[in-house]
Protein chains: 2
Amino acid sequence: MSSDPEGVRFEQILIEPAYRKVAVAIGERILSRTLREGERLPPETELARQFGVNRSTVREALRELESGGLVKRRPGSKLMSVSRPQHDVIAEGVSRALVMHDVTFLEVWSALTILEPPIAEAAARARTAEDLAVIVAAAERFVALNADTGLAVHHAAEFFRSVGRATHNQVLGLAQEPLLQLLEPSLQVMIDKVAQARSRIVTAQKRIVDALEARDAEGARTWMAKHIRDFRKGYEIAEIDLELRVTNLRAFRPPLPLVSA
Amino acid sequence: MSSDPEGVRFEQILIEPAYRKVAVAIGERILSRTLREGERLPPETELARQFGVNRSTVREALRELESGGLVKRRPGSKLMSVSRPQHDVIAEGVSRALVMHDVTFLEVWSALTILEPPIAEAAARARTAEDLAVIVAAAERFVALNADTGLAVHHAAEFFRSVGRATHNQVLGLAQEPLLQLLEPSLQVMIDKVAQARSRIVTAQKRIVDALEARDAEGARTWMAKHIRDFRKGYEIAEIDLELRVTNLRAFRPPLPLVSA
DNA sequence: GGTTGCCGGTTTGTCCGACAATCATACGAT
DNA sequence: ATCGTATGATTGTCGGACAAACCGGCAACC
């Protein structure tokens, strides 16, 4: 306030609580691969003993690591084990951040415009036969299941995801994931209001699949671009204000239908 | 294992610990804007009373929200307050995830190839005079400070960030941030080994700035593309294996030099 | 007037100890 | 071999405790 702006300067002294120090210490071990994936952490009491802090403190640190996805509890196990953060979990954090920053549909859509066509292009180059099969399956599921709106949007997004995976570039896959998460709720509204939406999506997907199959990078890019542009048209027809804030993110998704291991 | 695959199916019963329920409950309030940005949370004892759980449980929930950036402690305050997640914090989570997934330099570089040119293009269209000034300042800082390698890479990244902000699309800004974080350590090595790297960066930045000033979207895009391609050349000259895993992410960045409030 | 010192009430950070429920494992019964 | 049971380990949650830090105000002081 009234301190002399020309006076002596001190660096801000940063005081970190113990739970954070513990979290950092364990986190560094994980990032540096001293603790390897799947390896099990010692029990909380043991950690508390080693760090010389109370178990409660260790627990707070574990919650922090847990929500960063660096450790998780394997189903049906008590001990925490080191894990690679799942993409959808990380992306959910990004989505929440974007929601809190009042991101609009227009921003999401425009980011998709930028991101998806090159992804399709890269996928056309890098896809394996297996990737293609997955993509085709996703497209077919959309055709088969688009009666139920909820499932329809899920599989429309799944189509994008499968294309993203086909690039074999994890950075791209992870970058697109929050966009898809934010797209879904609005897509649901749109697809319900616009009669021809489903069929347009089906054709676009078909064209993209054809291009990917032929390894036609240029074609994949342009058709993906069309596909995305179509979404915008759909929004306009459905009279969804593109300047509206994205919202309605389901805070915690119900676990996906999963074949028991 | 030995269960009949054709047998009766039950959905996985999900059992959530109390600390997670509390975190979700508070998180929903924040996401839905019932609790507004900057608003202060009740003290832990009060939260414990309201939720009917122990204070320790509340604390674990708070750690979870805290590491998601949804709440934070305002400097020099004890009570937690609702906050919009800072981009760099979120991006750090993404970076960690990518490191854990063994992302290679090639993947990072190739994602930059895809992302940055359209960002420059969008920036040329959307930039304000103010944005331009910030970008110019960033470029100038790189010229002035590139003797110190650490500062040089920081300001090279800062240049990208300022261009990203000029798009006025937060999604893009947040998408590029993890890439920049992962780029920095490797860039540091490269810039030290390649004599002409600094000057090439300077010229590329200058061209990009010129294009942005002239609102030349096409020029901004192509020069940004060149800029990124240059990085790859630099990597090759420095004999950095592009298939190498990205690593060496500084786990927790030292707080940026900050003018005391 | 502005700075400093002090005081009481609040709130967090950390600790300790405790207990029920669940999981892992081994062992014994069918 | 499958099942049931006993035993020990570990987590989730609880209650209570205390020092340190923060807040606001008020008195003292230069």
Side-chain angles (χ1 to χ4, degrees), chain A residues 1-8 10 12-26 35 38-67 70-83 260-261, chain B residues 1-4 7 10 12-26 35 38-67 70-83 252 260-261:
Chain A
M1 302 298 188
S2 56
S3 72
D4 187 356
E6 297 298 328
V8 193
F10 287 100
Q12 175 146 9
I13 178 169
L14 72 112
I15 167 173
E16 276 194 325
Y19 62 79
R20 176 162 297 277
K21 284 187 193 156
V22 171
V24 172
I26 300 179
L35 289 169
E39 198 162 340
R40 290 202 283 204
L41 256 56
E44 294 171 354
T45 47
E46 173 62 15
L47 287 172
R49 198 188 58 73
Q50 290 188 27
F51 284 110
V53 300
N54 191 271
R55 188 161 81 99
S56 312
T57 306
V58 170
R59 295 195 110 243
E60 294 187 33
L62 286 180
R63 292 296 87 75
E64 206 166 308
L65 294 168
E66 190 181 29
S67 68
L70 289 185
V71 305
K72 76 173 180 198
R73 197 178 316 291
R74 258 184 302 198
S77 167
K78 275 188 122 56
L79 288 141
M80 287 284 193
S81 59
V82 177
S83 76
S260 69
Chain B
M1 307 295 183
S2 56
S3 71
D4 186 358
F10 286 101
Q12 176 147 6
I13 177 168
L14 72 112
I15 168 171
E16 277 194 326
Y19 61 79
R20 175 161 298 276
K21 285 189 192 155
V22 171
V24 172
I26 300 179
L35 288 168
E39 198 163 339
R40 290 203 282 205
L41 257 54
E44 295 171 353
T45 47
E46 173 61 15
L47 288 172
R49 199 189 56 74
Q50 289 188 28
F51 284 111
V53 300
N54 190 274
R55 188 161 82 97
S56 313
T57 306
V58 170
R59 295 195 109 243
E60 294 187 32
L62 286 179
R63 292 296 87 76
E64 204 167 310
L65 294 168
E66 191 182 29
S67 67
L70 289 185
V71 306
K72 76 174 181 198
R73 196 178 319 290
R74 257 183 303 199
S77 168
K78 275 187 127 41
L79 287 137
M80 287 283 194
S81 59
V82 177
S83 76
F252 273 64
S260 71

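Remember, predicted model here, so these are calculated numbers, not experimental data. Labels below follow one simple rule: chain letters A, B, ... track the order of the sequence lines, proteins then strands, and each chain is numbered from 1.
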Scan residues 43-59 of chain B against DNA chain D and write down, sorted by residue number, each residue with any heavy atom closer than 4.0 Å; if none is found, say none. B:Gly52, B:Val53, B:Asn54, B:Arg55, B:Thr57

Report yes if at least one side-chain N or O of B:Arg73 is closer than 4.0 Å to OP1 or OP2 of D:dA21; otherwise report no. no

Residues forming a side-chain hydrogen bond (donor to acceptor under 3.5 Å, both in side chains) with B:Ser83, sequence neighbours excluded: none

Apply side-chain hydrogen bond (donor to acceptor under 3.5 Å, both in side chains) to A:Glu44 and list each qualifying residue two or more places apart in sequence or on a separate chain. A:Arg55, A:Arg59

Not counting sequence neighbours, which residues clear side chain to side chain contact (heavy atoms under 4.5 Å, CB included) with [X]? List them please.
X	answer
B:Ser67	A:Glu64, A:Ser67
A:Arg40	A:Arg74, A:Ser77, A:Leu79, A:Ser81
B:Glu39	B:Leu35, B:Arg36

In whole angstroms, how far is the [atom2] atom of [N] from the [atom1] atom of [X]?
X	N	atom1	atom2	value
A:Tyr19	C:dT12	OH	P	11 Å
A:Leu62	D:dT10	CG	P	14 Å
B:Arg40	D:dC22	CZ	P	14 Å
B:Met80	C:dT12	CE	C1'	9 Å

Non-hydrogen atoms of A:Phe51 and A:Ile26 that approach each other most closely: CZ-CG1, 3.8 Å

Need to verify one output field. Residue with the more 5' nearest nucleotide on DNA chain D, A:Ile15 or A:Arg63? A:Arg63

With respect to the side chain of A:Leu79, which nucleotide from C:dT12, C:dT14, D:dT11 is positioned closest? D:dT11

